[in-house]
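Quick notes on the structure that follows.
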Amino acid sequence: MLEYNLPRYLPSAEELPDSDETPVDNELQELIPGLLKAILLILWSERMDWFFGIDMGIYYHPDKPPIVPDGFLSLGVERFYDEELRPSYVLWDENVVPIFVLEVVSQNYRKEYTTKLAEYEALGVLYYVIYSSRRRRKPHLEVHKLVNGKYELQEGNPVWLPEIGLGIGCERGNYCGVTREWMYWYDEQGQRYLTPAEQVKQETQRAQQEAQRAQVAEQRVQQLTEQLRALGIDPDNLD
């Protein structure tokens, strides 16, 4: 799976640093990938073959620092490593390169469109997604797909990712009480999947509607019972 010339003896994830002690630049770099992961936890609640990391180091060589994207998705791996969870994502342990990597551009530009693009391309990440709400003349969202070893920019919003079975896009919405443009997962028809809060609200509304229908039905039964009694018919003794 890995094309690197790795040393013969390799450290485990527990032996490697799990943080570079560099804080994220802004809150969006946590909230945007956090929302994507929260939606996946609902959509794929029964699946145990995926992992979504947030601000976690991806080790590709024991003697080099890890790459730390804002978010990444791997398929075909254990969802839970063990009860201590993953301290980092080590490619020679996982044997699976992430299929999706997300970078949220902060005010302090971190070479998302140049150096990082080349790094993920060399690593073999199928989809490299860059989001920047500060762009004025270009799309906020860029989805790059690896084709014959080179990234090609994909058109549209959302963009369908057939190898993942989801679309990725952005639109205005509300998350954590903040109304702004957020990133979401979409189905193949371009319909946005609900956030956890939206799903709870939908289920609550559905339960309320069912309760109202049950109440109306009960009232109707009472009305019919009273009408039968008015006609001299005992509804309790009907055969």
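Computed from a predicted structure; not experimentally measured.
With hydrophobic clusters built from ILVMFWY side chains whose heavy atoms lie under 4.5 angstrom apart, Y120 shares a cluster with Y113. Hydrophobic clustering, with ILVMFWY side chains joined whenever heavy atoms are under 4.5 angstrom apart, keeps Y151 apart from L153. In this structure, L36 is not a member of the same hydrophobic cluster as I42, with clusters built from ILVMFWY side-chain heavy atoms closer than 4.5 Å. In terms of hydrophobic clustering, with Ile, Leu, Val, Met, Phe, Trp and Tyr side chains grouped at heavy-atom distances under 4.5 Å, M48 and L85 are assigned to a common cluster.
Summarising the geometry, atom SG belonging to C176 is positioned 11.0 Å from atom CD belonging to E30; distances are rounded to the nearest 0.5 Å. E119 contributes atom CD, which lies 9.0 Å from atom OG1 of T114 (distance to the nearest 0.5 angstrom). With rounding to the nearest 0.5 angstrom, the OH atom of Y184 is 10.0 Å from the CD1 atom of I32. Rounded to the nearest 0.5 angstrom, I67 CD1 and E103 CD are separated by 9.5 Å. Of the inter-residue distances, the one linking F100 atom CZ with Y128 atom OH reads 11.0 Å to the nearest 0.5 angstrom. Considering CG of N174 and OG1 of T179, their distance stands at 4.0 Å, rounded to 0.5 Å.
Aromatic ring pairs are classed by plane angle as parallel below 30°, tilted from 30° to 60° and perpendicular above 60°; the pair Y175 and W182 is perpendicular. Using cut-offs of 30° and 60° on the angle between ring planes, the pair H140 and Y131 is perpendicular. Between Y89 and F72, the ring-plane angle classifies as perpendicular under the 30° and 60° cut-offs.
Nearest heavy atom pair, residue P33 against residue G71, reads CB-CA, 4.2 Å. Heavy-atom minimum distance, S88 versus G57: CB-O, 3.6 Å. The two residues L40 and F52 come nearest to each other via the heavy atoms CD1-CD1, 3.8 Å.
Using a 4.5 Å cut-off on side-chain heavy atoms (C-beta onward), E112 and S132 make no contact. Between V77 and R86, some side-chain heavy-atom pair lies under the 4.5 Å cut-off. Counting only heavy atoms from C-beta outward, the side chains of L141 and Q154 never approach each other to under 4.5 Å. Considering only heavy atoms from C-beta on, E78 stays 4.5 Å or farther from F51 through its side chain. Within the 4.5 Å cutoff, the side chain of I130 has no heavy atoms near those of the K116 side chain. At a threshold of 4.5 Å between non-hydrogen side-chain atoms, the residues I58 and L91 count as touching. Within the 4.5 Å cutoff, the side chain of M183 has heavy atoms near those of the L102 side chain. Counting heavy atoms from C-beta on, the side chains of L75 and D49 never come closer than 4.5 Å.
No donor-acceptor pair closer than 3.5 Å links the side chain of R47 to the backbone N or O of S45. Under a 3.5 Å cut-off, the side chain of W50 and the backbone N or O of L73 do not form any donor-acceptor pair. Side-chain atoms of Q29 do not come within 3.5 Å of backbone N or O of D70 as any donor-acceptor pair.
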Legend entry - CA sep, side-chain torsions, deciding dist, call: R180, L28, side chain to side chain contact (heavy atoms under 4.5 Å, CB included): CA-CA 11 Å; R180 69 176 313 276; L28 287 178; 3.6 Å; yes
Legend entry - Check against side chain to side chain contact (heavy atoms under 4.5 Å, CB included), L41 and R79: CA-CA 11 Å; L41 286 170; R79 184 165 155 192; 3.4 Å; yes
Show me the donor-acceptor pairs within less than 3.5 Å that the side chains of residues 160-172 make with the rest of the protein, sequence neighbours left out.
from: E163; atom 1: OE1; to: Y127; atom 2: OH; distance (Å): 2.5
from: E163; atom 1: OE2; to: K145; atom 2: NZ; distance (Å): 3.1
from: E171; atom 1: OE1; to: Y186; atom 2: OH; distance (Å): 2.8

